[in-house]
Amino acid sequence: MIPRGTSFDNIREVLVSSKSGFRDIADVSVEGRKIFSREVKAVKVVCKSTKALGENAKRLTKETEVEQVLEEDIRYSCLYLLETGAVPCQWCQLQVREIGVSEASVTNTYAATSSPTATPVDGIPELRIIAFSWMAFGERSSPNAARDPISVIAVARNDGQERTFVRSDLSDRDVIVRFVEFLKKFDPHIVAGFESNRVGWPYLMERAKLSGASLDVGRIGSSPHMSVYGHVSITGRVSMDVFNYADELPEVKVKTIENVAEFLGITVSTILPDELELSTAWSKSDSRHHLEDCTLNRARATLEMAKRFLEFGIELSSLTCMPLDQVAAAAVGHRVDLYLMKEAHTQGHLIPHRIERPYMRYQGAIVLEPQKGLHENVVALDFTSMYPNLMILYNLSPDTFVPIHEEIDSDQCWLIEGPGHRFRKSPPGLYKRALTNLIAFRNSVKDKLKSASLSDSERRILAERERAVKVITNGCYGYAGWPGARWYVREVAESAATLGRLSISRVIQRCRDVDLTVIYADTDAVFVNHDKDKVDALLRWVSENLHMDIRPDKMYQRVLFTEAKKKYAGLLVDGTIDIVGMEVVRGDWSEIARDIQERVIEMILTEGSLDKAKEYALTAISQVRRGKIELQDFIIWKSLTKPIEEYNVRAPHVEVARKYLTLGRELVPGDKIGYVVTTKGTKLHEKAQPYFAVAPDQVDREYYISNQVVPVVARVLGVFNIGEDQLVSGEQHSLT
DNA sequence: GCACTGAGATTACCC
DNA sequence: ACGGGTAATCTCAGTGCG
């Protein structure tokens with residue numbers, strides 16, 4: 001209990017006194033801190049154990065004399081990093097006392113007798129990495145951990161050693177035991193898998209439990225356990241799920257090991273039968289060997305991918321202070337959260353709690369109606385880091401925001417016209433300081449990258465560092481408008497959006513004033529005719545008048561705009577084709593439609609020949625009608641975004657998902673449903689069938705012509721007034 | 001009963 | 001489980017018509 005009349009002068013004695021009921025308090029001090037814009041005197045209580053910290057914090061929260069207890073909700077390991085300034089994935093120095101050899105699988109153990117001091121050393125030390133892949137299956141169904149044993153575990157280590165543990169000569173239990181033995185003998189720093197967080201480890205954990213095998217792969221003999229952000233943690237090692245890193249590759253639409261590896265240029269030859277055929281394949285010895293080979297190939301590919309992603313992970317981890325094994329699994333919002341916590345701590349802010357807040361929408365960016373047609377010689381001008389720079393320029397931050405009824409001299413704050421929000425001009429707010437640091441850091445990395453005398457590995461590390469800084473910098477605006485953010489104030493995001501609209505509008509207006517034709521604009525990019533002198537003058541004007549930079553980004557020899565926003569295709573000056581927003585780049589259209597659209601776009605852009613494009617389209621359509629069918633080309637992939645029971649609409653992919661279930665395949669939100677439209681049935685959701693249960697002759701070719709190919713071709717040719725009717729009737733004429 | 005229409009649900013994209 | 005803006009498809013209930 002804290003008695004009435006306790007002051008900052010005697011708080012220390014009161015808390016430390018045995019009568020207070022608080023226990024294991026190591027130190028109490030009174031320090032000046034900030035809570036948003038408020039300067040406060042805060043009592044810092046240091047406890048002797050994490051247990052005491054939790055209990056004392058709980059007690060203090062109930063005390064009426066205490067306004068608020070803060071920073072007690074932060075993970076202790078994170079608190080330690082904040083307090084000491086130590087950084088994950090970096091070296092540090094500290095005083096130690098030897099404890100001696102312990103049960104842990106380490107050479108020696110020490111207790112820290114001082115705080116660590118960050119001691120950055122460039123380069124990554126030699127790390128032992130092991131990757132594993134597994135195979136389990138049901139009797140013509142998805143594997144179920146409660147029922148189906150692990151059949152194969154394959155491992156690949158970065159010292160070149162490989163193993164495959166197979167159930168044919170071992171029991172399920174022995175497969176796990178041998179795997180664990182092999183892993184522990186290698187004593188890896190990093191254990192990588194593909195989908196190991198959601199599938200691999202949970203499955204192994206369940207099988208180990210059922211078979212009585214020990215899964216003590218941790219350095220202190222512990223088993224893996226579920227941790228924050230849905231990742232699986234292995235004490236003393238970095239558990240790395242390569243799948244998490246695949247999120248950084250939007251080009252890969254269906255994220256299987258094979259697809260991700262192929263995109264990264266890693267060859268992985270696994271021609272696996274469908275999941276539901278695995279049990280049949282397993283029963284024959286030669287196909288069983290093939291399954292074993294495939295599992296090993298997957299482990300090899302996982303290892304290569306882990307190595308490829310590691311540098312980025314390390315940079316992101318040390319930048320955000322989030323441990324390496326968590327940072328990949330954490331969403332951008334959480335990464336920014338951690339980064340800001342570190343920044344806030346060094347700036348003397350107390351870290352607010354994460355609380356539930358209502359969702360409030362606000363107006364976002366401007367998108368202009370494009371000038372439909374084919375344009376020659378066009379340049380896309382982009383603001384460099386528009387939102388971050390606006391947040392810096394106008395000091396947009398939760399701690400500089402002036403609430404509506406607060407009276408303040410208008411000279412002292414920025415007024416955001418429109419919503420009418422006000423922000424103090426000084427001192428610099430949390431976001432301003434964080435973003436200024438991030439941008440300065442990124443520029444310094446860019447400068448280093450320009451140096452000619454870099455080794456390949458140094459160059460890669462710097463490039464990944466730049467990428468990590470970019471992710472956090474660009475994430476700040478979205479974070480500011482996210483109700484789950486610790487530093488959420490809607491007005492900050494709303495003001496940034498308002499200023500963004502104002503900025504791009506002024507550029508567009510300026511273009512019109514100087515006779516630069518604006519063809520299209522979206523958020524922070526303006527497409528104009530590439531009149532070099534006028535563009536150069538415009539760049540100077542923007543810099544002088546808006547105090548931000550706009551720079552020529554993509555230059556097009558030719559660019560085609562449809563009537564729709566966010567969809568265009570252009571031929572860049574380097575000869576490559578850039579397709580944005582069109583079905584070609586969408587994962588939820590059949591390959592056949594996307595391929596044909598891509599060819600049509602190519603012909604128009606590179607050859608400038610509308611006739612050829614139209615002729616090609618007609619030929620392609622008749623091919624679809626009469627040619628040979630590769631089933632692969634007809635699959636339509638769509639994600640399941642929620643549990644199947646929650647869908648109320650009989651959408652094709654939802655109905656197909658239900659058919660997946662009846663066929664024995666399990667599904668979870670996030671899974672991709674692949675389906676093919678067949679001739680069977682009348683409603684689309686009846687005609688759609690799981691891709692693995694369809695024979696080529698069942699494909700409804702007419703559906704694909706009229707609902708996939710014709711629309712996407714017409715999207716392009718429609719720009720030149722060639723409508724769907726001409727594509728359909730043209731074919732009919734040639735038929736008669 | 002049938003074609004048509006518009007709203008709503010859903011997904012994936014752009015920046 | 002970071003923001004808003006956008007296109008597009010398909011279902012489904014409602015509407016007018018015969």
Side-chain angles (χ1 to χ4, degrees), chain A residues 228-230 247 250-251 253-254 329-340 354 356-357 359-370 380 382-387 391 471-488 490 492-498 500-501 504 520-527 553-554 562-568 578-590 593 636-642 646-655 657 669-670 672-673 677 683-688 703 706-708 711-712 714-715:
Chain A
V228 282
Y229 315 120
D247 266 352
E251 296 92 339
K253 309 293 178 186
V254 183
V332 182
H334 288 112
R335 294 173 183 172
V336 174
D337 209 39
L338 265 282
Y339 178 78
L340 286 177
R354 283 197 59 197
E356 292 257 338
R357 296 192 191 79
Y359 191 70
M360 270 197 269
R361 283 187 77 88
Y362 62 89
Q363 194 185 342
I366 287 179
V367 187
L368 238 52
E369 212 69 57
D382 282 26
F383 275 101
T384 47
S385 308
M386 185 176 76
Y387 289 130
M391 289 165 85
V471 165
I472 301 300
T473 310
N474 292 343
C476 282
Y477 161 72
Y479 173 90
W482 174 42
R486 287 180 193 266
W487 285 276
Y488 169 75
R490 191 202 78 247
V492 171
E494 188 170 35
S495 299
T498 304
R501 291 195 300 274
I504 195 103
Y520 178 59
D522 184 347
T523 312
D524 62 350
V526 189
F527 293 67
D553 185 16
K554 290 189 266 191
T562 65
E563 65 271 51
K565 296 171 177 181
K566 299 187 186 278
K567 285 173 191 272
Y568 55 91
D578 178 47
I579 300 179
V580 180
M582 313 271 294
E583 285 76 5
V584 175
V585 298
R586 293 181 63 100
D588 58 347
W589 284 79
S590 61
I636 297 168
W637 293 96
K638 272 195 165 67
S639 299
L640 222 49
T641 59
K642 54 188 175 189
E646 286 175 30
Y647 284 93
N648 296 317
V649 198
R650 297 166 83 82
H653 75 290
V654 176
E655 288 307 294
K672 290 273 184 185
I673 308 298
V677 178
K683 287 263 177 69
L684 185 56
H685 64 254
E686 292 161 4
K687 294 158 73 75
Y703 170 84
S706 59
N707 294 57
Q708 290 267 317
V712 303
R715 199 104 55 225

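So you know, we letter chains A, B, ... as the sequences are listed, proteins then strands, and number each from 1.
- Donor-acceptor pairing under 3.5 Å is lacking for the side chains of A/Ser385 and A/Tyr477.
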- Task: Indicate for each nucleotide in nucleotides 9-15 of chain B, in 5' to 3' sequence, whether protein heavy atoms under 4.0 Å reach the base (B), only the sugar-phosphate (S), or nothing (-).
- Result: SSBBSBS
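- As rounded to whole Å, 12 Å separates atom C1' of C/dT11 from atom CD of A/Glu686.
- Residues A/Pro370 and A/Thr562 form no side-chain contact, since every pair of their non-hydrogen atoms from C-beta on lies 4.5 Å or further apart.
- The aromatic rings of A/Tyr520 and A/Phe527 sit tilted, their planes meeting at an angle between 30° and 60°.
- The CE atom of A/Met360 sits 16 Å away from the C1' atom of C/dC2 (whole-angstrom rounding).
- One can place CZ of A/Arg354 at 8 Å from C1' of C/dA1, the figure rounded to the nearest angstrom.
- If you check C/dC12, C/dA1, C/dC10 against the side chain of A/Lys683, the one that comes closest is C/dC12.
- Between A/Arg357 and A/Arg490 there is no side-chain heavy-atom pair separated by less than 4.5 Å.
- A/Gly478 comes within contact range of at least one nucleobase, with a heavy-atom separation under 4.0 Å.
- Residue A/Val367 is in sugar-phosphate contact alone, with no base atom involved, counting any heavy-atom pair closer than 4.0 Å across all strands shown.
- When each of C/dG3, C/dG5, C/dT9 is scored by its nearest atom to the side-chain atoms of A/Arg361, the top-ranked nucleotide is C/dG5.
- Distances shorter than 4.0 Å separate some side-chain N or O of A/Tyr359 from OP1 or OP2 on C/dG4.
- Put simply, A/Arg490 has no side-chain N or O that comes within less than 4.0 Å of OP1 or OP2 on C/dG3.
- Nucleotide C/dT9 holds its P atom 9 Å from the OH atom of A/Tyr703, rounded to whole Å.
- To the nearest angstrom, P of C/dA1 lies 13 Å from OH of A/Tyr229.
- For C/dT9, one of the phosphate oxygens OP1 or OP2 lies less than 4.0 angstrom from a side-chain nitrogen or oxygen of A/Arg715.
- Atom CG in A/Asp524 sits 12.0 Å away from atom CD1 in A/Ile366 (nearest 0.5 Å).
- Here the P atom of nucleotide C/dT11 and the NE2 atom of A/His685 are 7 Å apart, to the nearest Å.
- Within the 4.0 angstrom heavy-atom criterion, no nucleotide atom of any strand lies near A/Ala493.
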